[in-house]
Amino acid sequence: MTRARKTNAKRTRVAPPVGTRAFALDHIDEQLVVLSFPASRANGSGELSAAEREVAMLVIRGLSNRQIAAARGTKERTVANQIASIFRKLGVGSRVELAARL
């Protein structure tokens with residue numbers, strides 16, 4: 001028989017980082033919550049390359065990294081790097097924020 005051990009740990013509430021956002025997203029028959037944390041190194045230039053603009057439009061359409069890579073004939077890792085660059089340049093932290101921004 002196993003026995004639960006008691007601890008003296010206390011629960012404390014921690015405030016989320018400034019700029020954290022939550023979005024409710026209805027997907028099929030369930031509701032999802034998307035948390036968006038502030039971009040750590042946003043440069044705010046907002047100037048995307050042609051490839052980044054194309055990737056951003058595919059992200060907004062709801063394609064996964066794998067689907068974007070297949071559509072563009074690139075590697076999935078390349079797409080992930082481009083999305084990270086897009087987020088940094090536009091100062092967004094999630095795909096939902098990207099869609100709202102564009």
Side-chain angles (χ1 to χ4, degrees):
M1 180 190 302
T2 60
R3 201 168 183 188
R5 294 188 335 194
K6 289 187 177 183
T7 64
N8 292 330
K10 293 183 182 180
R11 291 185 182 187
T12 57
R13 286 191 172 258
V14 177
V18 175
T20 302
R21 298 178 191 166
F23 299 91
L25 181 67
D26 291 323
H27 179 67
I28 306 174
D29 59 346
E30 61 186 358
Q31 190 173 37
L32 306 172
V33 175
V34 178
L35 294 178
S36 171
F37 296 92
S40 60
R41 295 180 291 165
N43 66 16
S45 70
E47 294 182 29
L48 302 179
S49 69
E52 288 170 337
R53 283 193 300 275
E54 183 181 346
V55 169
M57 291 301 121
L58 295 171
V59 167
I60 290 170
R61 287 181 42 204
L63 275 65
S64 68
N65 288 8
R66 180 173 288 161
Q67 292 168 322
I68 294 169
R72 300 192 72 240
T74 62
K75 300 281 186 186
E76 195 172 341
R77 185 66 197 159
T78 301
V79 172
N81 288 337
Q82 288 170 318
I83 292 172
S85 178
I86 292 165
F87 283 12
R88 189 172 47 255
K89 287 180 177 181
L90 298 181
V92 298
S94 71
R95 290 172 180 245
V96 173
E97 274 190 275
L98 177 63
R101 173 82 188 263
L102 298 179

### Query
Do you know the tightest heavy-atom contact between Glu47 and Glu52?
O-OE1, 4.3 Å

### Task
Please report the closest heavy-atom contact between Ile83 and Arg95, naming both atoms and the distance.
CD1-NH2, 3.5 Å

### Task
With sequence neighbours excluded, tell me which residues meet salt bridge (charged side-chain N to carboxylate O under 4.0 Å, His left out) with Arg66.
Glu76

### Any donor-acceptor pair under 3.5 Å from Arg101 side chain to Leu90 backbone
yes

### Query
With sequence neighbours excluded, what pairs up with Ala99 under the side chain to side chain contact (heavy atoms under 4.5 Å, CB included) test?
Ile60

### Query
Can you find a pair of side-chain heavy atoms, one from Met57 and one from Leu102, that are under 4.5 Å apart?
yes

### Query
Considering only heavy atoms from C-beta outward, does the side chain of Leu58 approach that of Arg72 to under 4.5 Å?
yes

### Nearest-0.5 Å distance that lies between atom OG1 in Thr78 and atom CD1 in Ile68
12.0 Å

